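In what follows, every chain begins at residue 1, and chains take the letters A, B, ... in the order their sequences are listed. Treat the numbers as computed from the prediction; the structure is a model and nothing was measured.
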Amino acid sequence: MNCLKKYRTLFWILTPKNIMAKEKNLTPRSEDFSSWYNELVLRSELADYSPVRGSMVIRPWGYTIWENMQRALDDMFKATGHENAYFPLLIPISFIEKEKEHVEGFKPELAIVTNAGGKELEDPLAIRPTSETIIMAMYAKWIQSYRDLPLLLNQWSNVVRWELRTRPFLRTSEFLWQEGHTAHASSGEAEEHTKLMLNVYRTFMEDWMAMPPVTGLKSDSEKFAGAVRSYSCEAMMQDNRALQSGTSHFLGQNFSKQFQLTFQTEKGNEEYAWNTSWGVSTRLVGGLVMTHGDDQGLVLPPKLSPVQVVIVPILKGEDHGPVLEKADAIKDALTAKGIRVKIDARDFMSPGNKYYEWERKGVPFRMEIGPKDMATGQVVLAKRMLFGEDSRKEFVPETEALATMENRLDEFQAQLLEAAKRRREDNSYRGIENLDELAEIIDTSGGYVFTGWSGDPAVEDIIKEKTKATLRCIPEEEFQSEKTPTRCIGGEKDSTMEVVWARAY
RNA sequence: CGGGGCGUGGCGCAGUCCGGUAGCGCACCUGCUUUGGGAGCAGGGGGUCGGAGGUUCGAAUCCUCUCGCCCCGACCA
């Protein structure tokens, strides 16, 4: 036994290529998807583990992606009439306890401050797991009449939900997010708003992230604690699992009743306001990784990439001046077009090493400029991911490269979206009518399984027990099958709606 | 919170069975030569072996207790 172990060690030492492979490359997705994910997050410097269990440090590369997401989303929120505000981190426990389902939903995940200023607190404070309660309490103060409605606020913040099992970006005890909270005079208007924001998320995911979700309504067992109805965006990752990547909730009057959020109507009656809340989090960064990443590392859609074009000057011989000057000139020309460019002029690193590094970090395009190119007036372009006729390196005249770069970035963005859409459809199974078939698909390929459902929650339990898949959503019309299912997947009952099943993160 | 695994320079690991005062690869630093897909040579720095206690002349190694992390399950964005 011992002998064998030593032998293997010896063998390993004598094969340096293996060591190199192990250290320089990621575990392939096909071998172990979650190892691939974890390694990628660390190696591409998106994030690092912090000393506190279940929390992570978001490094500049990851944070810039988040900032780019924030900017795009924030513009969309503003365009739909919202303003930003900031509500406090600490919330009286009594607030959270007011809404019965809400407190039940969050109790296991609450972090509570019981001691401060060296003294036990008389009333412990919860670190916000979400801010419905404190915000409703404030809205109750601010809203008197229908003239104060609708009130449309958003906040960018951190929240804490104590997690037993954590994964960078996908599930951490503290995460960054955005939470929108609105108050309306009518149920219909609030529900419309809920759907509007769901659609904002969907548009963002498609247009910016190239991560096309299936959108729909959550079942009662999956909805947000305290909501009347929850809607979600369900994006399919490369391992064919679903990632709930954005939710929008119609809260009805559940919170306004608990917080006395009333207003006087035009006719002089006092009524409870109707609320919505909606959020996306840094989880989206994880979604981005699992949607586009490959075995080389991250692949970033141009619209969100911190750097869209990295220029690698080939520094040969004594005089690096001309090549660096050319790189600067190209950078200026591209920057003037609004393109984010970085020159990697590190002279202690070989070009090949830089190529690997920027590929690992997911930069959409690399431009190489060397003495040979200077002589012929060309540059070398390499695209992070190849589609169709693309070649690994393209030699193009400098003027053409400058003129076409915006188009190339747009095209790349569109190709990523197209590929993700195709993957989603290729792994969607429709017309499935019995449980065994569903279980077979979930167990082998995974993916989205569309079936009929009677609305009976017992069916969800059975399927979860049997396959670990959950009801992701009751899809919006656009995602429904051409042929409407007639039978409930659970057995003999008739189907009243089509639903999507998948294993989820 | 149950089951499994692991804590040894920044990273990945060997050494633990059988106790003798710590080693390998990568990374890092210096110099020279290099640079169009993971450079070469030479020299160099860095570790109270997760922590505490014990056994022993002597502990990374044996014993006890602890802490932490990762993976698999039950709960969740």
Table of protein N/O atoms under 3.5 Å from nucleotides 31-33 of chain B N/O atoms:
none

Looking at residues at least two apart in the chain, or sitting in another chain, which of them share a ring pair (Phe, Tyr, Trp, His ring centres under 6.0 Å) with A:Y356? none
May I have all residue pairs that pass salt bridge (Lys or Arg N to Asp or Glu O under 4.0 Å) and include part of residues 359-368 of chain A, sequence neighbours excluded? A:E45-A:K361, A:E359-A:R366, A:R366-A:E368, A:E368-A:K393
Which one is paired to B:C24, where only Watson-Crick or G-U wobble pairs with both distances under 3.5 angstrom count? B:G12
For A:K383, give me all partners under side chain to side chain donor-acceptor pair (under 3.5 Å), at least two apart in sequence or on another chain. A:D390, A:Q415
Indicate, yes or no, whether a donor-acceptor pair under 3.5 Å links the base of B:G37 to the side chain of A:E359. yes
So, does the side chain of A:R171 form a donor-acceptor pair with the base of B:C76 at under 3.5 Å? yes
Listed partners of A:H181 passing ring pair (Phe, Tyr, Trp, His ring centres under 6.0 Å), at least two apart: none
Under-3.5 Å donor-acceptor pair between A:K316 side chain and B:G36 base: yes
Sub-4.0 Å heavy-atom contacts from residues 377-394 of chain A onto RNA chain B, ordered by number: A:V380, A:R392, A:K393
Table please: side-chain donor-acceptor pairs of residues 304-317 of chain A below 3.5 Å, with sequence neighbours left out.
{"unit_1": "A:S305", "atom_1": "OG", "unit_2": "A:V307", "atom_2": "O", "d": "2.6"}
{"unit_1": "A:Q308", "atom_1": "OE1", "unit_2": "A:R340", "atom_2": "N", "d": "2.7"}
{"unit_1": "A:Q308", "atom_1": "NE2", "unit_2": "A:P302", "atom_2": "O", "d": "3.0"}

Pairs touching residues 295-313 of chain A that satisfy salt bridge (Lys or Arg N to Asp or Glu O under 4.0 Å), sequence neighbours left out: A:R29-A:D295
Kindly state each residue pair satisfying side chain to side chain donor-acceptor pair (under 3.5 Å) with at least one member in residues 54-63 of chain A, sequence neighbours excluded. A:S50-A:S55
